[in-house]
Amino acid sequence: MSDLHDRLQAIHERIHAAATRSGRDPGAIELLAVSKTFPVEAIRDAVDAGQLVFGENKVQELLAKAPQLPSHLQWHLIGHLQSNKVRKILPAVKYIHSIGSLDLARDVDRIAAELGLYPKVYLEVNLAAESSKHGFSPAPLRSTLEDLYTLRRLEIQGLMCIPPFDPDAAKSRPYFVQLRELRDELEKAGGAPLPLLSMGMSHDFEIAIEEGATIVRVGSAIFGDRKARSIAA
Ligand SMILES: *Cc1c(COP(=O)(O)O)cnc(C)c1O
């Protein structure tokens, strides 16, 4: 059995344990394997180990890799999306986690109508108001919700966040709590369910699960360290 198979197995066990200790159904938490920077061979190993759902943060990279892999895999775009790439990415992905502005949401809605698609999306929230990150700030999102719900092609499924990186995973918890509470508030205000929460990465996914994550985006804990790889390459 390969190392990757063992690592994937270990993540599944940790997801199960985190769900169980917080009184949640482990089956309600999905593992998104973030394969960015890793070659298709690594993704194939993961597929052999039973993983079928993958995330990439760059449109070009996703579009280059997906056709080389089995067509039954499910792809999620988790990184910044520019309007000029919407037309190319929409047919290739099941979910977009990074709808971070009303302008982008409008472009996706318009192009989805032209293509006859109903994309499933997460609204990305920039909770710490970091200028280096994309996403709605919570206050504008509250006032924009009504406009977002007029976009009939968008299937808005929930919220996504990337907390400021801190090696101490406990520092992520307040952000996960904030995203869940914002979701609860927006559900009430908008009168529509937002069942999905995309939160948690390699170093903090168990905390995210304790706070309500329905999908965790895990890269290096499955595929290995991206920095070590590029130095070795
Ligand atoms: C790279 C990336 C991840 C995965 O990060 P790891 O620390 O390798 O698990 C998750 N979400 C987004 C948006 C990313 O860009």
Side-chain angles (χ1 to χ4, degrees), residues 10-34 36 55 57 76-81 95-102 104-105 121-145 148 156-222 225-227:
I11 302 283
H12 279 294
E13 282 164 17
R14 288 167 61 189
I15 289 173
H16 196 282
T20 306
R21 74 173 166 264
S22 44
R24 300 187 58 204
D25 171 12
I29 295 140
E30 187 157 31
L31 173 60
L32 179 67
V34 177
K36 67 185 186 196
N57 70 331
H76 295 211
L77 182 73
I78 59 174
H80 179 52
L81 175 58
Y95 283 90
I96 297 172
H97 291 233
S98 44
I99 299 295
S101 72
L102 181 57
L104 177 63
V121 305
Y122 293 82
L123 304 175
E124 179 173 356
V125 189
N126 186 355
L127 292 169
E130 292 171 280
S131 57
S132 60
K133 285 191 187 143
H134 295 276
F136 291 96
S137 298
L141 181 54
R142 288 182 188 99
S143 59
T144 304
L145 195 62
L148 285 166
I156 301 173
Q157 304 275 305
L159 305 182
M160 177 270 216
C161 75
I162 311 170
F165 181 79
D166 193 306
D168 177 6
K171 295 268 167 40
S172 298
R173 191 184 297 275
Y175 293 101
F176 297 148
V177 170
Q178 217 186 319
L179 196 71
R180 186 190 65 227
E181 291 178 351
L182 179 64
R183 184 276 305 275
D184 294 347
E185 183 194 328
L186 295 177
E187 276 190 336
K188 275 198 201 114
L194 293 166
L196 303 186
L197 288 176
S198 168
M199 57 189 199
M201 305 176 22
S202 288
H203 72 297
D204 58 11
F205 70 87
E206 287 150 307
I207 294 172
I209 289 169
E210 288 168 15
E211 298 302 342
T214 59
I215 185 165
V216 291
R217 310 180 307 267
V218 179
S220 48
I222 297 172
D225 190 356
R226 284 183 296 274
K227 284 203 196 90

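Note: hydrogens, waters and symmetry copies are ignored here, and every other heavy atom, side chains too, is used. Keep in mind that what you see is a predicted model, and the values were worked out from it rather than measured.
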Nearest 0.5 angstrom please: [X] [atom1] to [Y] [atom2], how far?
X: Phe205; Y: Ile15; atom1: CZ; atom2: CD1; result: 5.5 Å
X: Gln178; Y: Arg173; atom1: CD; atom2: CZ; result: 14.5 Å
X: Leu81; Y: His97; atom1: CG; atom2: NE2; result: 12.5 Å

ring-ring contact (aromatic ring centres under 6.0 Å, His included): pairs with one or both residues in residues 164-184, sequence neighbours excluded: Phe165-His203
Tyr95: what forms a ring-ring contact (aromatic ring centres under 6.0 Å, His included) with it, not counting sequence neighbours? His76, Tyr122
Sequence neighbours excluded, which residues qualify as ring-ring contact (aromatic ring centres under 6.0 Å, His included) partners of His80? His134
Expected output: side-chain Lys133 to main-chain Ile162 donor-acceptor under 3.5 Å: yes
Side chain Arg24, main chain Glu210, donor-acceptor under 3.5 Å: no
Determine whether [X] and [Y] make a side-chain contact, defined as any pair of heavy atoms from C-beta on separated by less than 4.5 Å.
X: Leu31; Y: His12; result: yes
X: Met160; Y: Ile99; result: no
X: Leu197; Y: Arg183; result: yes
X: Leu148; Y: Leu123; result: yes

Pairing residues for [X] by the side chain to side chain contact (heavy atoms under 4.5 Å, CB included) criterion, not counting sequence neighbours:
X: Ser137; answer: Pro140
X: Asp25; answer: Ala28
X: Pro193; answer: Glu187, Pro195
X: Val125; answer: Leu127, Pro138, Leu141, Leu159, Leu179, Leu182

Any idea which heavy atoms bring [X] and [Y] closest together, and the distance?
X: Leu104; Y: Ser101; answer: N-OG, 3.1 Å
X: Ala208; Y: Gly200; answer: CB-CA, 3.5 Å
X: Leu32; Y: Gly55; answer: CD1-N, 3.5 Å
X: Ala213; Y: Ile29; answer: O-CG1, 3.6 Å
X: Pro164; Y: Ala128; answer: CG-CB, 3.6 Å

Would you please test Val34 and Met201 for side-chain contact (heavy atoms from CB on, under 4.5 Å) and show each step? CA-CA 9 Å; Val34 177; Met201 305 176 22; over 6 Å; no
Residues which pass side-chain hydrogen bond (donor to acceptor under 3.5 Å, both in side chains) with Ser98, listed by chain and number, not counting sequence neighbours: none
Output all residues satisfying side-chain hydrogen bond (donor to acceptor under 3.5 Å, both in side chains) with Gln157, sequence neighbours left out; order by chain, then residue number. none
Residues two or more places apart in sequence or in another chain: which of them pass salt bridge (Lys or Arg N to Asp or Glu O under 4.0 Å) with [X]?
X: Glu13; result: none
X: Glu206; result: Arg14
X: Arg180; result: Glu211

Please determine whether side-chain hydrogen bond (donor to acceptor under 3.5 Å, both in side chains) holds for the pair Ser198 and Arg217, giving the CA-CA distance in whole Å, both sets of side-chain angles, and the decisive distance to 0.1 Å. CA-CA 7 Å; Ser198 168; Arg217 310 180 307 267; 2.9 Å; yes
